[in-house]
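From a predicted model like this one, the values you see are computed outputs, not experimental measurements.
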Amino acid sequence: MKNLLNRLRGVERDVLEAPPDGDAPFYVAQADEIEIFRAAWTRRLPVMLKGPTGCGKTRFLEHMAHVLARPLVTVACHEDLTSSDLVGRFLLEGEETVWQDGPLTRAVKEGGICYLDEIVEARTDTTVVIHPLTDHRRQLPLDKRARIIDAHEDFMLVISYNPGYQTVLKDLKPSTKQRFVGIHFDYPGEEIEREIVARESGGLDSDRVGRLVAAGRRARALKDHGLDEATSTRALAYAGELMQAGLAPRTACRAAMIAPVTDDPELIQALEEIVAAHFPEIDEETAPAHG
């Protein structure tokens, strides 16, 4: 209850905290990812989670961090992320200059799992800082302080990587990728996806869950015909939540599955037709008025 109230109030939390009490975040295994991650954790090997957006990589890691009872520090990578953002920097406090550890340094010192989400978005000169943490050294150099930190025995580094984003100008260097144990993720099988959508939407009825998942799986076929992003499991869960909130199915699908991924009129029409085929009922909000 306290955690719920904190989220509702927008209460600030420390970047490094033990997992909350209670059940682990919901996650349904698709293959042997749990066994591979556990083995990597046993040897404290760095792990790379590979897969498309919205397929469950982050939820998987949240689940594993809870199961392993380790704090999880998540850093959303972007093109302006600097090594100082990860490691730390000197700051002015009054008339004094003090050092403030970054999230990576905190995790290294205190034995947390540091998760660099979508690392391919970060600059190459930023990602180089993690290299000494991914081999036998397990060390983090603090160049600005002329120090080296030996990683806590429970520290683990995890990155996520979407191979679909790779280009000539934006991709992980082979020398970086080869430092990690790789776990491949994809959108789950139909039965598992139904279970996930039903759970994440807050108990949407099985009929609408089945039709929603079927529509999403058919929409993914457009990924190779002009659509930059496939319809994710997360998008299906959002559509389910909107239905639970009272929106008509087509309206919910339009808002969660179509509007976020394309502005192309032809692709919008194709996606609308897929949704309409699985939810043929007239959408009350878009039906013409009678009278």
Q: Would you tell me whether Thr127 and Lys173 have side-chain atoms, one donor and one acceptor, within less than 3.5 Å of each other?
A: no
Q: Count the heavy atoms of every other residue, nucleotide or ligand shown that sit under 6.0 Å from CZ of Arg38, and state whether that count exceeds 12.
A: no
Q. Between the side chains of Glu193 and Thr233, is a donor N or O closer than 3.5 angstrom to an acceptor N or O?
A. yes
Q. Within the side chain of Thr231, is there an N or O that forms a donor-acceptor pair under 3.5 Å with the backbone of Arg220?
A. no
Q: Report the distance from atom CG of Asp85 to atom CG of Asp80, rounding to the nearest 0.5 Å.
A: 9.0 Å
Q. Taking it one step at a time, do Leu222 and Leu271 satisfy side chain to side chain contact (heavy atoms under 4.5 Å, CB included)?
A. CA-CA 9 Å; Leu222 296 180; Leu271 289 168; 3.5 Å; yes
Q: State, yes or no, whether a side-chain contact exists between Met257 and Leu236 at a heavy-atom distance under 4.5 Å.
A: yes
Side chains of residues 258-268: which donor-acceptor pairs under 3.5 Å do they make with residues two or more places apart or in other chains?
residue	atom	partner	partner atom	Å
Thr262	OG1	Asp264	N	3.0
Asp264	OD1	Glu266	N	3.0
Asp264	OD1	Leu267	N	2.9

Q: Please write out which residues are connected to Val28 in a hydrophobic cluster, directly or through intermediates, given that two of Ile, Leu, Val, Met, Phe, Trp, Tyr count as joined at side-chain heavy-atom separations below 4.5 angstrom.
A: Phe26, Ile192, Ile196
Q) Is it the case that more than 12 heavy atoms not belonging to Phe180 sit under 6.0 Å from its CZ atom? A) yes
Q) So, the side chain of Glu33 versus the backbone of Ile183: is there a donor-acceptor pair under 3.5 Å, distance only? A) no
(Q) Against the six-membered ring of Trp41, is Arg43 placed for a cation-pi contact (under 6.0 Å from the centre, within 45° of the normal)? (A) no
Q.
Donor-acceptor check, side chain of Arg70 to backbone of Gly111, threshold 3.5 angstrom: yes or no?
A. yes
(Q) For Tyr115 and Thr58, which I'm curious about, is there any donor-acceptor pair between the side chains at under 3.5 Å? (A) yes
**Q.** Mutual orientation of the aromatic rings belonging to Tyr27 and His63 [parallel < 30°, tilted 30-60°, perpendicular > 60°]
**A.** tilted
Q. Hey, does Leu104 have a side-chain heavy atom less than 4.5 Å from the side chain of Cys114?
A. yes
(Q) So that I know where these two stand, are Phe60 and Phe37 an aromatic pair - ring centroids less than 6.0 Å apart? (A) yes
Q: Give a yes or no answer on whether the side chain of Arg59 reaches the backbone of Pro25 with a donor-acceptor pair at less than 3.5 Å.
A: no
Q) Are Ile34 and Val67 close enough that some pair of their side-chain heavy atoms sits under 4.5 Å apart? A) no
**Q.** Ionic contact status for Asp154 with Arg44, cut-off 4.0 Å
**A.** yes
Q.
Are there over 12 heavy-atom neighbours, none belonging to Asp207, within less than 6.0 Å of that residue's CG?
A. yes
Q: May I ask you to say whether Arg194 pairs ionically with Glu191, meaning some side-chain N is under 4.0 Å from a carboxylate O?
A: yes
